[in-house]
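FYI, side chains are in, hydrogens and waters are out, and symmetry mates aren't considered; it's all heavy atoms of this structure.
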Amino acid sequence: MDFTMGATAEELRGELRRLIADEVPADYLGAFTDDPADLAVAQHFCATLAEHGLLCPAWPQEFGGRGASIWEQTVVREEMWAQHEPRGAQYMGVNWVGPTIMRHGTPEQQRKHLPPIARGEIIWCQGFSEPEAGSDLASLRTTARRDGDGWSISGQKIWTSYATMAQWCFLLARTSHEGRKQQGLTVFLLPISDPGITVRPIDAMLGPHHLNEVFFDGVRATEADVLGEVGNGWSVVQEVLAFERVGIARYARCERLLHTAPEVLGEYWDETPETLRGRWARMLMRCRRARLLAYQVLSLQSAGTVAPGDAAAYRIAVTRLDQESAEVLVELAATVPGDTAGRRRFRRAVHDHWRYANAATVASGSIEVQHILLARELLADPGTGTAAGRPGRAVSGSADNRGPLTGRIRS
């Protein structure tokens with residue numbers, strides 16, 4: 001099996017690392033802090049990436065990309081997340097809002113929304129979860145009622161990341177109560193500046209800008225704001241979640257911090273308890289497993305054959321890795337002696353990683369829901385729907401011009 005990405009991808013990785021070193025402060029730990037300068041760094045860096053054609057390289061040229069391979073886009077994801085996401089909230093627009101509008105949007109919606117995302121100018125937020133519809137998203141109550149030639153939308157969303165800084169909301173609302181609860185849902189693309197939309201921040205350990213309540217009070221929407229078909233929002237959202245759950249390369253940050261630990265400890269590394277070094281080594285192996293699972297799902301996505309269970313297997317592995325590696329890193333950071341700039345930076349980075357990792361198994365669908373999705377796929381017979389064993393799925397796709405990326409992976 002050959003899981004290398006080839007020379008093109010490695011050259012891109014080197015270019016991204018040079019840009020980060022030149023444009024992003026060494027102590028940068030993300031855009032979402034109390035310091036407005038951190039958000040300014042992210043917005044400037046997005047513009048720099050766009051100028052170099054590196055913000056969304058795998059997008060078609062007509063939409064602002066350069067038609068690169070999905071593996072080049074994967075390199076971008078990995079390098080960005082490894083360095084505490086210097087794109088800020090832009091990953092949401094690049095990873096799944098844009099691709100979803102490409103697949104389901106009208107030509108007018110594509111012309112309106114895709115170029116600003118490709119230039120790194122627009123931030124999107126996701127209006128999905130509600131106070132009584134989190135993991136059970138299909139139970140949402142935000143309602144869009146027919147009002148003349150348009151819609152009137154009222155309801156509440158919660159845990160909405162980046163809503164205080166976003167310009168647009170990708171909203172899921174109920175347009176019909178007939179049939180199963182998954183039916184009658186519709187996606188709307190709405191400007192946050194609408195006077196009927198109110199955003200209230202929620203204090204949380206993740207820090208500013210992350211979690212918010214969003215209230216919709218008679219928000220006016222037209223047919224031009226509907227993404228896809230009215231009543232078909234559930235199928236659109238299933239695609240969105242598959243893109244979202246693999247779009248964050250969590251393993252990349254885990255791997256970078258784990259590799260940094262021996263460098264920071266230096267001569268003290270050999271004095272680290274053997275059991276702790278053993279756990280450190282196991283986490284590195286888990287990073288490799290999560291990376292290969294991500295590559296499996298990406299390859300299936302590029303072939304148009306990804307299923308919920310594929311993304312769920314990756315999501316389970318990478319979110320558990322996030323949390324368990326954070327615990328190991330916290331213990332390693334506690335053993336780091338001295339107070340040099342590099343060691344202070346490492347401790348801060350580990351604390352930031354631990355803080356975010358606590359939410360990993362809840363964000364974008366809880367780990368319990370991911371287990372259900374995976375179990376349904378493993379136990380369902382594709383032909384009859386009855387319980388049956390299911391073999392591993394082959395991976396196929398193109399890493400670059402060298403040939404196929406092939407293999408068989410099990411979680």
Side-chain angles (χ1 to χ4, degrees), residues 29-30 32-33 77-85 91-92 95 129 134-135 159 161 202-207 210-211 241-242 244-262 264-265 272-273 275-297 308-336 345-375 409-411:
L29 289 177
F32 315 117
T33 70
R77 291 172 179 169
E78 290 176 346
E79 293 305 312
M80 294 301 105
W81 195 253
Q83 298 296 334
H84 297 270
E85 193 51 86
Y91 77 87
M92 188 175 288
N95 284 354
S129 295
S135 295
W159 316 125
S161 300
I202 300 173
D203 291 333
M205 65 184 293
L206 288 177
H210 270 283
L211 302 177
L241 294 175
E244 182 186 19
R245 287 166 182 163
V246 76
I248 300 177
R250 292 178 179 272
Y251 55 85
R253 187 179 303 173
C254 299
E255 193 169 27
R256 185 182 72 82
L257 290 173
L258 288 165
H259 279 301
T260 301
V264 171
L265 279 163
T272 303
T275 54
L276 182 54
R277 280 183 285 145
R279 289 166 60 204
W280 169 84
R282 284 194 293 276
M283 288 301 104
L284 283 173
M285 290 188 287
R286 296 269 293 279
C287 286
R288 179 63 170 170
R289 180 179 71 173
R291 181 187 294 271
L292 293 179
L293 282 169
Y295 291 177
Q296 177 190 37
V297 178
D310 299 312
Y314 165 71
R315 185 74 182 175
I316 292 166
V318 80
T319 53
R320 290 181 59 188
L321 166 68
D322 225 25
Q323 293 179 342
E324 292 172 22
S325 69
E327 296 298 331
V328 171
L329 285 162
V330 165
E331 291 186 42
L332 286 169
T335 69
V336 175
R345 191 179 304 127
F346 176 70
R347 293 191 192 101
R348 288 182 62 236
V350 167
H351 178 261
D352 182 75
H353 173 58
W354 173 84
R355 194 161 52 97
Y356 278 84
N358 275 277
T361 52
V362 177
S364 301
S366 69
I367 196 169
E368 290 82 7
V369 170
Q370 306 310 308
H371 278 111
I372 291 170
L373 292 172
L374 181 58
I409 309 170
R410 291 179 182 269
S411 62

> CG of L258 to CE of M283: how many Å apart, nearest 0.5 Å?
Replying inline: 8.0 Å
> Between L29 and R345, is a side chain to side chain contact (heavy atoms under 4.5 Å, CB included) present by the stated rule, with each step listed?
Replying inline: CA-CA 10 Å; L29 289 177; R345 191 179 304 127; over 6 Å; no
>> Could you tell me if the side chain of Q370 sits less than 4.5 Å from the side chain of L373, heavy atoms only?
In response: yes
> Of the non-hydrogen atoms in V330 and V350, which two are nearest, and what is the gap between them?
Replying inline: N-CG1, 3.7 Å
> Taking it one step at a time, do Q323 and E327 satisfy side chain to side chain contact (heavy atoms under 4.5 Å, CB included)?
Replying inline: CA-CA 7 Å; Q323 293 179 342; E327 296 298 331; 5.9 Å; no
> Closest approach of I248 and Y314, non-hydrogen atoms and distance?
Replying inline: O-OH, 3.1 Å
> Is there a side-chain contact between T260 and R256, using heavy atoms and a 4.5 Å cut-off?
Replying inline: yes
> Can you list the steps and then say if E78 with R291 is a side chain to side chain contact (heavy atoms under 4.5 Å, CB included)?
Replying inline: CA-CA 10 Å; E78 290 176 346; R291 181 187 294 271; 2.9 Å; yes
>> Could you go through Y356 and H84, starting from their C-alpha distance and side-chain angles, then the distance that decides it, and tell me whether this counts as side-chain hydrogen bond (donor to acceptor under 3.5 Å, both in side chains)?
In response: CA-CA 11 Å; Y356 278 84; H84 297 270; over 6 Å; no
> Under 3.5 Å, side chain of W280 to main-chain N/O of V328, donor-acceptor pair present?
Replying inline: no
>> What I'd like to find out is whether the side chain of S325 reaches to under 4.5 Å of the side chain of H353, using heavy atoms alone.
In response: yes
> Less than 4.0 Å between a side-chain N and a carboxylate O, is that true for E85 and R253?
Replying inline: no
> Quick one: CG on N95 to CZ on R77, what's the gap to the nearest 0.5 Å?
Replying inline: 4.5 Å
> About how many Å separate CG of N358 and CG of D322, when rounded to the nearest 0.5 Å?
Replying inline: 9.5 Å
>> Please give me the minimum heavy-atom distance between Y251 and A290, naming the atom from each residue.
In response: CB-CB, 4.0 Å
>> A side-chain contact here means heavy atoms from C-beta on lying under 4.5 Å apart; do R282 and R279 qualify?
In response: yes
> Does any non-hydrogen side-chain atom of S161 lie less than 4.5 Å from one of L211?
Replying inline: yes
>> Using every non-hydrogen atom in the two residues, find where L293 and A313 come nearest and quote the distance to one decimal.
In response: CD1-O, 4.1 Å
> Given the rule in the side chain to side chain contact (heavy atoms under 4.5 Å, CB included) test, do R250 and R315 qualify, once you have shown the distances and angles that lead to the verdict?
Replying inline: CA-CA 10 Å; R250 292 178 179 272; R315 185 74 182 175; 3.9 Å; yes
> Which value, rounded to the nearest 0.5 Å, describes the distance between T319 atom OG1 and E324 atom CD?
Replying inline: 9.5 Å
